[in-house]
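Everything below concerns the one structure shown next.
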Amino acid sequence: MILVFGGTTEGRKAVEVLEEGGSPYFYSTKTGEQDITLQHGVRIDGALDEAAMTRFCTEHAIRMIVDAAHPFAALLHRTIATTASALSLPVVRFERIYPPRDPAITWIDDYTQIPRHIHSLLATTGVQSISKLKPLEADGISIFYRILNRPSSIALALKQGTTQAQLCYYDDPNDIPVRADAILLKGSGLSGGFTEKVEAAKACGMEVIAIKRPALPESFIVVDGPYGLRRAVEKWLPEFYPLHSGLTTGTCATAAAVAACIRLSTGETPAQVPVMLPNGETIHVAVSYGDDYAACIKEAGDDPDVTNGIEVRAQVTESDHFEILGGEGVGRFTLPGFDYPPGEAAINKAPREMIRQNLGRLKMEDGRWKIVISVPQGAEIARRTFNPRLGIEGGISIIGVSGIVKPFSEEAFVDSIRKCMTVAKASQSARVVINSGGKSERFVKALYPELPQQAFVEYGNYIGETLKIAHELDIRSITLGVMIGKAVKLAAGHLDTHSKRATMDKAFISEMLHEAHCDIDISDITLAREIWERLSPEQQQDFADVIISHCAAYCQPLLPNGELTILLIADDGTILPLSPAHQPVPSRS
């Protein structure tokens with residue numbers, strides 16, 4: 001069981017990450033005033049001292065603590081650290097992302113260091129800080145307190161001796177409601193709106209004073225984003241998630257490039273290197289070293305990926321300009337429609353930008369590196385991927401938009417559909433034929449012998465997503481080939497036909513059979529294809545007309561500017577289009 005301390009933006013993100021596991025956990029806040037929905041989590045509210053926290057963790061078999069509380073909740077951090085140490089529990093600190101410290105800001109360690117040369121101050125440090133600021137009023141400094149506009153906060157502020165005239169509220173977090181000589185902020189990070197508040201105060205000519213965040217206990221495992229949190233939970237509590245995440249080839253290439261540059265520049269060979277992902281968070285990735293390269297092993301987690309376990313290498317040398325090249329096992333684009341023109345190495349834009357940004361973070365001059373990415377097993381592995389169909393030859397592609405592979409594979413599969421559809425459009429084919437897989441593709445290909453290979457795209461189960469992509473790409477002529485098992489689900493309005501989301505509805509199929517004047521008993525069937533065997537050829541066409549019409553009622557609206565042809569494919573390969581005389585029926589309400 002996991003115990004989360006939240007009440008913050010990071011607490012909300014932690015909940016989103018943990019909900020993906022479907023396992024129970026506890027979510028604790030001090031006041032109970034955060035509005036948050038938990039599906040698998042149990043909420044507890046109220047402050048916990050060391051004795052209460054120890055008792056709770058023991059009674060509820062807590063095996064991990066996630067500290068997603070406010071960075072200035074120093075007492076809570078210390079209590080968590082002490083409790084975790086006594087019970088031998090790992091603590092994952094979900095930290096915020098902080099911008100570099102602005103030298104134009106006056107940074108202080110505590111409230112006693114506030115400069116006394118100012119005459120007025122707008123304090124945005126929260127209602128709990130009022131008592132610490134009261135001594136400044138005795139020194140003649142006028143203070144205005146910006147607090148949350150809620151009864152409990154107002155009552156607490158007034159109890160500490162403030163007046164209503166001194167209070168202003170967070171109606172707009174970036175608004176400066178009072179013009180004072182200076183503004184007092186906590187170094188609360190990007191999610192706390194620190195940068196926006198600083199810029200707004202500077203625009204008003206106010207001096208900016210910021211309190212440094214307190215140091216965290218050294219025992220904490222620090223992450224600064226949702227992917228890092230999930231990977232930490234997967235490591236320390238592997239059973240919490242039924243499936244584990246992995247790394248994209250782009251992240252592996254970045255880690256290898258960072259490691260190679262560190263060794264070339266400093267001679268050091270760290271076992272792990274920091275990699276900033278496109279969402280801004282940083283994870284640490286294991287690396288290794290060869291004679292003239294650094295490497296990272298592709299870790300796919302539980303996602304079905306043929307690239308799992310391959311070695312991605314980066315060889316770095318000094319150059320008079322920055323360039324990223326593809327070496328052994330990295331494919332090359334041979335068709336238009338990708339981020340880069342034919343002839344270029346199949347290293348997509350997102351991984352290239354990751355490499356550039358991560359080297360920039362190391363303060364290494366990116367104008368002098370030649371980076372060659374290679375995958376020794378790439379050419380062999382590529383034969384088992386979509387690459388040959390996409391026109392990527394000679395190896396795998398280095399890809400990854402988020403940097404992390406989620407094991408659900410939906411996102412990755414839809415992304416591959418988008419790539420295939422983009423290539424299909426770039427091929428300038430007069431028509432794009434979408435189908436569920438290799439079997440149905442073999443059947444429909446015979447109808448369109450003039451179309452190039454790139455015009456045939458597999459949708460798997462994601463018919464709706466594929467049609468939406470076609471509309472986004474302005475592909476005007478689409479043929480949808482669908483086998484009867486998926487067709488009866490699609491006809492009922494299931495645009496995603498995966499068995500987890502859609503099952504065969506016998507009652508609805510019976511309605512369609514009746515509509516086609518094919519009144520047969522199907523109560524004993526287990527597979528949709530068994531219906532076909534009970535129909536005469538004439539009845540098969542009549543039934544196909546009804547199925548296709550219902551499918552069209554759901555699919556055609558997704559392609560409003562295009563022409564959609566739907567082909568029903570029987571298990572034996574028979575293909576039935578809509579009869580010219582048959583009119584589409586309205587969709588079911």
query = How long is the gap from CG on L264 to CH2 on W369, to the nearest 0.5 Å?
reply = 4.5 Å
task = Return yes if some donor-acceptor pair links the side-chain N/O of E311 with the main-chain N/O of A295 below 3.5 Å, else return no.
result = no
Which atom of S440 lies closest to which atom of N435, heavy atoms considered = OG-CB, 3.4 Å
inquiry  = Are H494 and Y554 an aromatic pair, judged by ring center distance below 6.0 Å?
reply    = no
message = Looking at D224 and T282, would you say the former's side chain and the latter's main chain have a donor-acceptor pair under 3.5 Å?
response = yes
query = Distance under 6.0 Å and angle within 45° of the ring axis: does R332 meet both against Y340?
reply = no
ask   = Can you tell me how far the CD atom of Q453 sits from the OG atom of S429, to the nearest 0.5 Å?
value = 11.0 Å
inquiry  = Show, in sequence, the C-alpha distance, side-chain angles and deciding distance for M421 and I475, and conclude whether the side-chain contact (heavy atoms from CB on, under 4.5 Å) test is met.
reply    = CA-CA 9 Å; M421 293 290 280; I475 298 175; 3.9 Å; yes
message = What I'd like to find out is whether the side chain of I575 reaches to under 4.5 Å of the side chain of F443, using heavy atoms alone.
response = yes
ask   = Can you find a side-chain donor-acceptor pair between Y227 and S245 that sits under 3.5 Å?
value = no
inquiry  = Quiz question: by atom type and distance under 3.5 Å, do the side chains of Y25 and E19 form a donor-acceptor pair?
reply    = yes
request  = Find out whether L18 and H40 are in side-chain contact, i.e. whether some heavy atom of one side chain is under 4.5 Å from a heavy atom of the other.
outcome  = no
task = Return yes when atom NZ of K445 has more than 12 non-hydrogen atoms of other residues, nucleotides or ligands closer than 6.0 Å, and no otherwise.
result = yes
query = Going by distance alone, is a donor N or O of one side chain under 3.5 Å from an acceptor N or O of the other, for E563 and T565?
reply = yes
request  = Would you check if L451 and V432 make a side-chain contact, meaning some heavy-atom pair closer than 4.5 Å?
outcome  = no
request  = Compute both the distance and the angle, then confirm whether R313 meets the cation-pi test with Y293: under 6.0 Å from the six-membered ring centre, within 45 degrees of the axis.
outcome  = yes
query = Side-chain contact, heavy-atom cut-off 4.5 Å: L495 with L558?
reply = yes
ask   = Which heavy-atom pair separates T307 from I310 by the least distance, and what is that distance?
value = O-CG1, 3.0 Å
Contact check, side chains of V273 and T254, non-hydrogen atoms, under 4.5 Å = no
query = Roughly how far, to the nearest 0.5 Å, is the CD atom of Q315 from the CG atom of D292?
reply = 4.0 Å
inquiry  = Within the supplied structure, the quantity of interest is the number of heavy atoms (other residues, nucleotides, ligands) at a distance under 6.0 Å from W532 CH2; does it exceed 12?
reply    = yes
message = Just so I know, are the side chains of L564 and C555 near enough to count as touching, which here means a heavy-atom distance under 4.5 Å?
response = yes
message = Using modelled atom types and a 3.5 Å cut-off, is there a donor and acceptor pairing between side-chain atoms of S397 and backbone atoms of I399?
response = no
message = Once salt bridge (Lys or Arg N to Asp or Glu O under 4.0 Å) is applied, do any residues pair with R12, and if so which ones, sequence neighbours excluded?
response = none
request  = List the steps, then state whether side-chain contact (heavy atoms from CB on, under 4.5 Å) holds for Y459 with V482.
outcome  = CA-CA 10 Å; Y459 56 71; V482 58; 3.6 Å; yes
key: Pair R418-E472, salt bridge (Lys or Arg N to Asp or Glu O under 4.0 Å): steps then yes or no   = CA-CA 10 Å; R418 185 177 297 279; E472 291 169 12; 2.9 Å; yes
ask   = Checking side-chain contact (heavy atoms from CB on, under 4.5 Å) for the pair V275/N358: CA distance, chi angles, key distance, verdict?
value = CA-CA 7 Å; V275 173; N358 277 273; 4.2 Å; yes
ask   = Quick one: side chain to side chain contact (heavy atoms under 4.5 Å, CB included) partners of D291, sequence neighbours excluded?
value = none
ask   = Can you name the closest pair of heavy atoms from Y289 and T269 and give their distance?
value = OH-C, 3.3 Å
Any donor-acceptor N or O pair under 3.5 Å, side chains R96, T9 = no
From L480 atom CG to L490 atom CG, the distance as rounded to the nearest 0.5 Å = 6.5 Å
ask   = Would you find a donor on one side and an acceptor on the other, under 3.5 Å apart, between the side chain of Q539 and the backbone of L513?
value = no
task = State whether the number of non-hydrogen atoms from other residues, nucleotides or ligands found under 6.0 Å of Q272 atom CD is greater than 12.
result = yes
ask   = Are any of the side-chain heavy atoms of I509 and F543 separated by less than 4.5 Å?
value = yes
remark   = In this structure, CG of L567 is separated from CE of M483 (nearest 0.5 Å) by 12.5 Å
task = Could you please spell out the steps behind the side-chain contact (heavy atoms from CB on, under 4.5 Å) verdict for V15 and K13?
result = CA-CA 5 Å; V15 164; K13 293 179 181 177; over 6 Å; no
note = Given the options I347, N348, I355, I398 meets side-chain contact (heavy atoms from CB on, under 4.5 Å) only with I347
Considering all heavy atoms, the nearest P242-G21 contact = CD-O, 3.5 Å
ask   = Between N308 and K298, is a side chain to side chain donor-acceptor pair (under 3.5 Å) present by the stated rule, with each step listed?
value = CA-CA 5 Å; N308 184 47; K298 171 70 161 66; 5.9 Å; no
Backbone of K468 reached by a side-chain donor or acceptor of E465 within 3.5 Å = no
query = Is the shortest heavy-atom distance from the side chain of H550 to the side chain of M512 under 4.5 Å?
reply = yes
query = What pair of heavy atoms forms the shortest contact from P557 to A552, and how long is it?
reply = CD-O, 3.8 Å
inquiry  = Between R230 and E234, does any side-chain N to carboxylate O distance fall below 4.0 Å?
reply    = yes
key: From L335 atom CG to Q454 atom CD, the distance as rounded to the nearest 0.5 Å   = 5.0 Å
query = What heavy-atom pair brings G403 and P278 nearest, and what distance separates the two atoms?
reply = N-CD, 4.4 Å
inquiry  = Regarding T248 and T251, do their side chains bring together a donor and an acceptor under 3.5 Å, going by distance alone?
reply    = yes
message = For E299, give me all partners under salt bridge (Lys or Arg N to Asp or Glu O under 4.0 Å), at least two apart in sequence or on another chain.
response = R231
